[in-house]
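To keep things clear, I will list the structure first and then write my remarks on it.
All values reported here derive from a predicted model rather than from experimental measurement. Below, chain A is the first sequence line, B the second, and so on; all start at residue 1.
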Amino acid sequence: MLRALVQERLRESLQSLGLGEITPEVTVPDKPEFGDFSSNLAFVLKPRMPGTPPRQIAEKIVARLDKSPFAKVEVVGPGFINFFLQPETVQHALREILNQEYHYGRLEMGQGQRALVEFVSANPTGPLTIGHCRQAVLGDVICRLLENAGYDVTREYYYNDAGRQMKLLGESVRARYLELLGQPVPFPDEGYHGEYIREIAREIQKRHGSNWAEASVEPFKEFAEAELFSEIKRTLSRLFRLPPERVFDIYYNETWLYAHDTQNALASVTNAQVLEWLRELGFAYEKDGAIWFKATALGRPQDRVLVRSHTGEPTYRLPDMAYHANKLLRGFDLIVDIFGADHQDTYQDVLAAVRALWEGGKLPKECNPHKIRVLIHQWVNLLRGGQPVKMSKRMATFVTIDELIDEIKSTVELDPALDTEQTREDFSVNVVRYFLLMRSADSHVNFDLDLAKKQSKDNPVYYVMYAYTRIRSIFDKSKGSVGAVGFQALRLPEELALIKKLDEFPQIVRDATEHLAPHFLAVYVHELAGIFHDFYEKHRVLDEANPEVTQARLALCYGVQIVLERAFALLGLKAPERM
RNA sequence: GCGCCCGUAGCUCAGUUGGACAGAGCAGCGGUUUCCUAAACCGCAGGUCGUGCGUUCGAGUCGCACCGGGCGCACCA
């Protein structure tokens with residue numbers, strides 16, 4: 001990496017000045033006049049060299065510097081050090097990339113450690129909607145990033161089929177079923193009105209005729225749950241481009257936490273156990289017949305009920321605490337929770353409780369809650385005709401992920417030779433994923449359906465994909481392969497800019513992984529595509545009159561192809577060969 | 001009222017360990033095609049980075065206050 005090289009030269013210089021222990025900060029400046037890299041080292045060093053103006057400090061550092069990789073090193077302004085690389089230095093970076101090929105951008109930070117990523121976790125009361133879509137895609141990419149970094153990743157989905165909502169689901173299906181049999185009963189007050197409920201009822205009628213007329217709610221609930229879960233897996237299978245049986249590794253059922261089961265290693269700690277521990281540590285108490293969590297003692301704004309007074313049932317908070325205790329006990333090195341903005345307050349109670357258990361010695365030392373990282377994402381606003389679409393799951397005024405993909409798919413147009421059902425599916429999934437990935441999880445996303453459906457350049461996905469197809473097209477025409485060539489021919493600004501951008505890739509992947517921020521990568525890919533388009537427009541790759549340049553530029557294109565394919569794989573995008 | 005997130009160009013958004021005159025896409029205006037796909041490229045225009053204090057050599061970035069928007073604040077999940 002070029003930046004590491006600059007840092008290394010600086011470090012050597014510092015050592016000779018007796019300041020070797022500092023890791024110099026090196027950035028890529030915005031303006032080309034400021035060079036390829038820049039360091040503010042002189043300012044950082046200022047407190048350690050009182051009385052010396054930063055400019056002089058910078059000059060001292062530069063005087064001791066090994067300048068062989070650079071065409072020029074300047075001290076400018078109040079004390080910035082700007083580095084201008086030799087073309088040969090940049091060319092060498094391309095060599096490195098081609099050597100590493102599809103290993104380029106792999107990270108070592110995971111080192112075979114185990115990571116658990118929990119996401120989506122919707123109770124199966126209906127199809128997945130756009131509300132779940134962002135979380136699903138974020139989680140999927142974070143899993144891919146962690147795998148790339150060497151983690152052994154477990155994808156987990158937490159759900160509950162025992163609560164009130166699931167009972168309502170069963171009652172809703174039962175009501176629709178009896179309606180079909182001509183024995184209508186009142187529809188449950190807060191039941192689910194979606195058409196999918198009728199479909200499930202029809203399916204029951206198809207398989208069981210009128211045999212379920214006297215049945216209780218329970219079988220209806222179970223039938224609906226099974227149907228909906230397989231539907232959910234099918235949807236995620238489209239979105240993740242994984243077979244349905246592989247979209248998640250573990251479906252963790254909240255009910256496992258209610259009764260101790262020695263057979264179940266995933267739930268070695270129950271709700272009751274956690275409650276007892278909290279009591280022993282003084283973080284649980286009784287009031288008004290309920291059991292409360294003394295969250296205020298842990299710096300939280302208010303105490304919360306853990307066990308209800310009337311029914312004796314736990315609220316969702318207690319099993320959540322038990323669930324997280326179990327996550328820690330299962331021996332993961334990294335635990336990632338992905339939640340929507342509605343959880344931003346509540347997860348902190350759960351973490352506070354788990355921390356208290358650990359600090360109180362109830363959980364083994366290796367179960368340090370620092371291993372848990374929570375990623376909160378803001379909501380997606382679906383816009384249709386410029387207006388936000390109001391959605392309610394219960395009233396069935398929602399747009400499902402499948403509907404979203406299908407709607408976009410109906411407008412996709414690709415090169416006729418490649419315009420198949422599969423490529424259209426691939427492309428519409430690209431659009432959905434990219435729209436949701438290109439923004440920071442912290443910011444709200446306006447998903448403009450009209451825009452996503454437009455098969456035009458408004459759509460950044462096309463821009464990125466088009467760069468890839470241009471490269472493929474060059475290689476189709478070139479007939480030759482990329483051989484062992486010299487890169488001395490690559491010295492034009494657009495060529496060097498492209499290599500320098502390729503050189504940034506591993507650091508971008510590292511940043512995205514460390515910050516659990518896929519949008520770093522999504523933004524990078526867009527920038528890389530832009531630099532490639534610029535190069536492509538200005539310089540012809542294939543030139544029979546000049547085989548040396550052709551070979552060097554083909555190698556450059558291959559480097560871009562490698563990085564694009566690596567980035568696409570991490571983002572779960574699938575580029576077409578032609579558009 | 002309390003907590004978390006956001007407020008950057010007409011629109012949608014980057015800018016994540018504070019760094020040099022603030023970026024991209026789209027929309028607007030003007031150009032580019034005997035040549036690897038013009039779903040592209042080039043140029044122009046567009047901003048008191050919500051407001052005000054503060055921290056410092058330096059603040060879109062950190063702190064405080066205020067204004068505006070989103071989401072929470074259940075013995076629902």
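Taking only side-chain nitrogens and oxygens, A:Asn40 never comes nearer than 4.0 Å to OP1 or OP2 of B:rG18. Dashed line: the shortest gap from a side-chain N or O of A:His519 to OP1 or OP2 of B:rG15 is under 4.0 Å. An OP1 or OP2 oxygen of B:rC73 is reached within less than 4.0 angstrom by no side-chain nitrogen or oxygen of A:Arg300. Residue A:Ser443 places at least one side-chain N or O closer than 4.0 Å to OP1 or OP2 of B:rA14. Applying the 4.0 Å criterion to OP1 and OP2 of B:rG3, one finds that A:Tyr347 has every side-chain N and O outside that range.
Side-chain contact between A:Leu168 and A:Tyr192 is present, with at least one heavy-atom pair separated by less than 4.5 Å. The side-chain heavy atoms of A:Phe435 and A:Leu449, taken from C-beta on, include no pair separated by under 4.5 Å.
Relative to the side chain of A:Asn123, the nucleotides B:rC75, B:rA77, B:rA20 differ in distance, and B:rA77 lies closest. Distance from the side chain of A:Val523 is smallest for B:rA14 among the nucleotides B:rA14, B:rA74, B:rC6.
The local environment of CD in A:Glu548 is sparse, with at most 12 non-hydrogen atoms from other residues, nucleotides or ligands closer than 6.0 Å.
A tilted orientation is assigned to the rings of A:Tyr524 and A:Phe505, their planes being inclined by 30° to 60°. Between A:Phe119 and A:Phe248, the ring planes lie tilted relative to each other; the angle falls in the 30° to 60° range. Using bins of under 30°, 30° to 60° and over 60° for the plane-to-plane angle, the ring pair A:Phe535/A:His539 lands in the tilted bin.
The base of B:rC5 has none of its N or O atoms less than 3.5 Å from a complementary donor or acceptor on the side chain of A:Gln344.
Atom P of B:rU48 sits at a distance of 31 Å from the matching atom of B:rG1, rounded to the whole Å. Look at the C1' atom in both B:rG7 and B:rG15: the space between them is 15 Å, to the nearest Å. When the P atom is used for both B:rC4 and B:rC66, the distance is 14 Å, rounded to whole Å.
Both A:Thr315 and A:Arg439 lie near RNA chain B, and the one whose nearest nucleotide falls closer to the 5' end is A:Arg439.
Straight-line distance from the OH atom of A:Tyr462 to the P atom of B:rA38: 18 Å, rounded to whole Å.
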Query raised in the report: Using Watson-Crick and G-U wobble pairs with both distances under 3.5 Å, what is the 5'-to-3' dot-bracket string of RNA chain B, with [ ] for crossing pairs and | for pairs outside the strand?
Result: (((((((..((((.....[...)))).(((((.......))))).....(((((..]....))))))))))))....
